[in-house]
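Okay, so here's the structure we're looking at.
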Amino acid sequence: AEGGIVLQGFRNMGRLAALLCLAVSFAAPFRVSAAAETVPQAVAGRAVRPEETAAWWCSRYGAADKVVLDAAGIAALNERIAKSSDIWSGAVTAEQLASFANVDGAALRRQLADPWPLRREEYLEGRRMTEDDAATFRANLNLDAVPANVTGRFAVTTAHTSLRVLPTDRGLYDSADADARYYDNVQDSVLDAGEPVVVWHTSRDGRYVFVRCRTLSAWVARDDVAYCARDDWNRYAAPQQFLTVLARDVYPAEAGGTWHGKGPRPGYDYGADPASFKGMLLQGSNLLYTRRVPAADGERWEVLLPQRDAQGALTEKKVLLPAGPALREGYAPYTARQVLENAMQFLDSVYGWGGNYGSVDCSSFAWAVYRAEGICLPRNSGQIRRAPLHTVSLAGLGTAERLAVLAQLPPGALLHLPGHVMIYLGLKDGVPYAIHSFSSHYVNGKKVYERRVEVTDLLLCRSTGRTFLDELTCCQEVR
């Protein structure tokens with residue numbers, strides 16, 4: 001693996017291995033419920049454990065405030081990641097994204113023609129999908145309208161919007177079971193307002209456009225993108241004067257930049273109104289700003305919100321947002337402390353498959369936390385695992401050897417299981433901990449759903465009966 005970690009002797013390895021064996025022998029694995037360092041209003045009424053704060057972990061790590069990569073180092077990292085990506089998927093630079101404006105029509109038709117949910121047995125609205133259902137979905141791909149040479153249009157997103165595998169808001173699921181509803185296979189990812197995209201194609205019903213964004217290509221609701229000239233697109237693709245969201249989320253169109261709706265809070269309850277997500281900007285999002293405005297009750301940022309006019313063109317609306325800790329001028333410094341502080345903002349958020357429900361899944365969680373520092377990771381866990389980061393394989397290592405590797409890792413490193421990625425926190429009493437957005441684990445062979453962002457130890461079990469620790473495939477330092 002690139003830049004492997006040197007295994008060093010660990011004096012207390014016998015004690016740690018014994019501790020691990022003892023912990024695994026419990027009737028149920030120990031699991032820590034999550035809470036944020038700045039506790040979200042939705043969970044403010046309960047106690048916060050020390051290990052549920054960034055400060056606690058950073059106090060145990062001497063280099064928590066050391067800058068891991070400066071701006072030049074981050075640019076070089078993003079360039080390396082982009083070189084490992086292709087026209088259809090993978091994280092790319094603004095320059096590379098712009099180069100995708102012209103694509104071969106035959107290649108685009110091939111990309112569109114065989115969406116994976118239509119290749120397998122799926123369930124639609126509580127019943128098995130029929131051939132007629134699949135034919136309807138295929139017809140809306142509008143393949144006959146793809147020209148021999150496609151000239152893309154530059155556009156910017158104007159809302160928190162879903163990236164879909166098919167041009168539809170109907171979901172396809174693995175089964176008709178109630179639990180399956182949380183995992184819509186058509187849901188690929190999300191984009192926040194202000195994201196640059198290249199539009200390649202339109203669905204037959206005209207409701208969706210097929211786009212390439214920074215991390216993948218997918219269908220987006222037409223009304224959530226606004227077309228613009230290349231110069232305006234560049235202002236969003238490579239912003240020069242911008243703010244970065246460091247809070248879990250902000251709502252720039254609402255008073256004070258916070259959510260004031262009724263009912264369950266978006267991102268913390270599956271019953272929240274989906275319409276409320278539209279105005280959300282998740283952590284790591286950028287906002288263009290014009291100036292800092294003095295005020296008697298505190299300074300304000302005058303920001304530009306991208307809008308779509310009646311003709312589908314980009315316009316901008318000026319709004320004032322408080323100049324507080326939720327927004328930072330430019331990107332945050334890349335330190336272990338900053339990564340953990342970012343991550344703790346999501347504690348107790350629901351598990352959002354493909355970024356659904358105004359929340360994050362495992363990979364979009366890691367992606368959001370690191371993009372606040374200007375790092376553009378690939379979108380899914382497999383692509384992150386294959387990215388050119390500082391990686392060490394854990395294949396073939398026993399428990400004691402795995403603990404030795406983890407003991408050398410900085411907080412904020414990425415830990416990989418098959419199909420899952422976590423953010424490492426450190427060791428507590430010899431037991432490794434991580435924060436992650438996860439769906440489930442197993443207790444005595446029975447599946448237990450959590451569907452939350454939580455701080456847990458790695459003694460949770462998988463369906464194999466093995467612990468998360470023993471099923472780790474590799475770990476990565478993002479550098």
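Residues take their numbers from the sequence shown, with the count starting at 1.
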Residue pair Asp224 / Lys278, side-chain heavy-atom distance below 4.5 Å: yes
Just do the side chain to side chain contact (heavy atoms under 4.5 Å, CB included) check on Leu415 and Leu406 with the steps written out, would you? CA-CA 9 Å; Leu415 305 179; Leu406 297 186; 3.8 Å; yes
Might you point out which heavy atoms bring Val156 and Gly194 nearest each other, and give the distance in Å? CG1-CA, 3.6 Å
Spacing of OH belonging to Tyr370 relative to SG belonging to Cys376, to within rounding of 0.5 Å: 14.0 Å
Checking side-chain polar atoms at under 3.5 Å, does Thr158 have a donor or acceptor matched by the opposite partner on Gln307? no
State which residue, out of Tyr270, Tyr351, Trp353, Tyr449, fulfils the ring pair (Phe, Tyr, Trp, His ring centres under 6.0 Å) condition with Tyr182. Tyr270
Say you draw a straight line from CD1 of Ile87 to CZ of Arg212; how long is it, rounded to the nearest 0.5 Å? 8.0 Å
Side-chain donor-acceptor contact under 3.5 Å, Asp361 with Ser364: yes
Scan side-chain atoms only and decide if Ser162 and Asn356 contain a donor-acceptor pair under the 3.5 Å cut-off. no
With a 3.5 Å distance limit and no angle check, can you tell me whether Gln283 reaches the backbone of Gln345 through a side-chain donor-acceptor pair? no
Answer yes if the side chains of Arg222 and Tyr208 hold a donor-acceptor pair under 3.5 Å, and no otherwise. no
Is there a donor in the side chain of Tyr331 and an acceptor in the side chain of Asn286, or the other way round, less than 3.5 Å apart? yes
Under the side chain to side chain contact (heavy atoms under 4.5 Å, CB included) criterion, do Leu304 and Arg235 qualify, and how do the steps go? CA-CA 11 Å; Leu304 300 174; Arg235 292 168 51 234; 3.7 Å; yes
I'd like to know if the side chain of Arg138 reaches the main chain of Ala113, judged simply by a donor and an acceptor atom lying under 3.5 Å from each other, with no hydrogens or angles considered. yes
How about Arg379 and Ser189: does a side-chain donor come under 3.5 Å of a side-chain acceptor? yes
May I ask you to decide if Pro378's main-chain N or O and Gln383's side chain share a donor-acceptor pair within less than 3.5 Å? no
Under 30°, 30 to 60°, or over 60°: which ring-plane class applies to Trp259 and Tyr251, parallel, tilted or perpendicular? tilted
Taking the inter-plane angle between the rings of Trp233 and Phe154 on a 0 to 90° scale, is it parallel (under 30°), tilted (30 to 60°) or perpendicular (over 60°)? tilted
Glu471 meets the salt bridge (charged side-chain N to carboxylate O under 4.0 Å, His left out) criterion, sequence neighbours left out, with Arg462, Arg466
Considering all heavy atoms of both residues, which atom of Ala366 and which atom of Leu414 are nearest to each other, and what is their separation? CB-CD2, 4.2 Å
Sub-3.5 Å donor-acceptor pair from the side chain of Asp133 to the main-chain atoms of Thr130, do we have one? yes
For the aromatic rings, using the six-membered ring if either is Trp, is the centroid distance between Tyr236 and Phe242 under 6.0 Å? no
Write down the atom of Ser381, the atom of Cys362, and the distance for their closest heavy-atom approach. CB-SG, 4.5 Å
What orientation do His420 and Phe438 show, parallel under 30°, tilted 30 to 60°, or perpendicular over 60°? tilted
Gln476 side chain reached by Val421 side chain, heavy atoms, under 4.5 Å: no
Asp144, CG: over 12 other non-hydrogen atoms inside 6.0 angstrom: no
Would you check if Tyr289 and Leu327 make a side-chain contact, meaning some heavy-atom pair closer than 4.5 Å? no
Would you tabulate the side-chain donor-acceptor contacts of residues 101-112 under 3.5 Å, counting partners in other chains and residues two or more places apart, or write 'none'?
| unit_1 | atom_1 | unit_2 | atom_2 | d |
| --- | --- | --- | --- | --- |
| Asp104 | OD2 | Ala106 | N | 3.3 |
| Asp104 | OD2 | Ala107 | N | 2.9 |
| Arg109 | NH1 | Val146 | O | 2.7 |

Beyond-backbone contact of His201 with Trp219, side-chain heavy atoms, under 4.5 angstrom: yes
Would you indicate whether the side-chain heavy atoms of Thr215 and Leu377 approach each other to under 4.5 Å? no
Between the side chains of Arg120 and Glu122, is the shortest nitrogen-to-carboxylate-oxygen separation below 4.0 Å, so that they form an ion pair? yes
Identified side chain to side chain contact (heavy atoms under 4.5 Å, CB included) counterpart of Val453 within the set Ile435, Val350, Ile423: Ile435
More than 12 heavy atoms of other residues, nucleotides or ligands under 6.0 Å from CD of Glu95: yes or no? no
For the student: nearest non-hydrogen atoms of Trp200 and Gly152, plus distance: CD1-CA, 4.1 Å
Walk me through whether Leu340 and Val369 qualify under side chain to side chain contact (heavy atoms under 4.5 Å, CB included). CA-CA 8 Å; Leu340 266 55; Val369 165; over 6 Å; no
Residue set satisfying salt bridge (charged side-chain N to carboxylate O under 4.0 Å, His left out) with Asp179, at least two apart, ordered chain then number -> Arg451
Salt-bridge criterion met for Asp192 and Arg371 (N-O under 4.0 Å): yes
Could you tell me if the side chain of Val443 sits less than 4.5 Å from the side chain of Lys446, heavy atoms only? no
So which heavy atom on Asn78 is nearest to which on Gly374, and how close? ND2-O, 2.9 Å
Short N-O contact, Glu450 and Arg452, less than 4.0 angstrom: no
Got a sec, which pairs hit salt bridge (charged side-chain N to carboxylate O under 4.0 Å, His left out) with one end in residues 151-166, sequence neighbours left out? Arg164-Asp184
Quick one: list whatever passes salt bridge (charged side-chain N to carboxylate O under 4.0 Å, His left out) with Glu373, sequence neighbours left out. none
Find the distance between OG1 (Thr467) and CG (Leu458) and round it off to the nearest 0.5 Å. 7.5 Å
Measuring only between side-chain heavy atoms, which start at C-beta, is Arg170 closer than 4.5 Å to Leu172? no
Worked verdict on Asp348 versus Arg265 for salt bridge (Lys or Arg N to Asp or Glu O under 4.0 Å): CA-CA 12 Å; Asp348 272 9; Arg265 181 180 172 184; over 6 Å; no
Check the pair Leu118 / Met129 against side chain to side chain contact (heavy atoms under 4.5 Å, CB included), numbers first and verdict last. CA-CA 9 Å; Leu118 300 186; Met129 180 177 65; 4.0 Å; yes
Checking side-chain polar atoms at under 3.5 Å, does Asp205 have a donor or acceptor matched by the opposite partner on Ser203? yes
Before giving the answer on salt bridge (Lys or Arg N to Asp or Glu O under 4.0 Å), spell out for Arg479 and Glu477 the whole-Å C-alpha distance, their side-chain angles and the decisive distance to 0.1 Å. CA-CA 6 Å; Arg479 58 183 176 87; Glu477 294 182 49; 2.9 Å; yes
How close do Ala155 and Val225 get, heavy atom to heavy atom, and via which atoms? CB-CB, 4.4 Å
Does the side chain of Val245 reach to within under 4.5 Å of the side chain of Met280, using non-hydrogen atoms? no
Does the side chain of Ser349 come under 3.5 Å of the side chain of Arg248 through a donor N or O and an acceptor N or O? yes
With Arg230, which residues qualify under salt bridge (charged side-chain N to carboxylate O under 4.0 Å, His left out), at least two apart? none
